[in-house]
Amino acid sequence: MLAAVSYGWSFISDGFYQGEEGAQYINMLEFWRDWKVIMGNWPKTGWKLVYALPALLGQQAVILLNCILSAFTAFLCIRFVY
């Protein structure tokens with residue numbers, strides 16, 4: 001339910017959540033041409049490895065995966081706190 005609400009809200013939003021998120025998305029797409037672009041401190045290598053495949057499906061696939069992972073994280077937080 002939370003993932004669906006979050007994904008629905010993404011259609012109202014006019015951009016990315018964070019300022020550098022657009023640049024990260026473009027860098028993620030470049031991974032398929034040159035894998036070395038994700039190495040280093042700024043490129044967030046772990047994040048790129050999770051999102052590299054959905055990035056091939058487009059921005060909406062990345063947003064949907066964000067919504068699912070954030071809802072799952074919220075579920076785990078509630079599950080283990082209470």
Looking at [atom1] of [X] and [atom2] of [Y], how far apart are the two atoms once the value is rounded to the nearest 0.5 Å?
| X | Y | atom1 | atom2 | answer |
| --- | --- | --- | --- | --- |
| C67 | Q60 | SG | CD | 9.0 Å |
| S70 | Y7 | OG | OH | 13.0 Å |
| I68 | I63 | CD1 | CD1 | 12.5 Å |

> Other than L56, which residues form its hydrophobic cluster under the rule that side-chain heavy atoms must be closer than 4.5 Å?
Replying inline: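 In the cluster with L56 are F31, W32, W35, V37, I38, M39, L49, L53.
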>> Is there a continuous path of hydrophobic side-chain contacts, each under 4.5 Å between heavy atoms, that joins L64 to F11?
In response: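 Looking at the clustering, F11 is in the same group as L64.
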>> Same cluster or not: L69 versus M28, using hydrophobic residues (I, L, V, M, F, W, Y) connected whenever any side-chain heavy atoms lie under 4.5 Å apart?
In response: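 Yes; M28 is reachable from L69 via cluster members.
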> Distance-only, no hydrogens or angles: does the Q24 side chain make a donor-acceptor pair with backbone N or O of K44 under 3.5 Å?
Replying inline: no
>> Can you tell me how the ring of Y51 sits relative to the ring of W47, calling it parallel under 30°, perpendicular over 60° and tilted otherwise?
In response: tilted
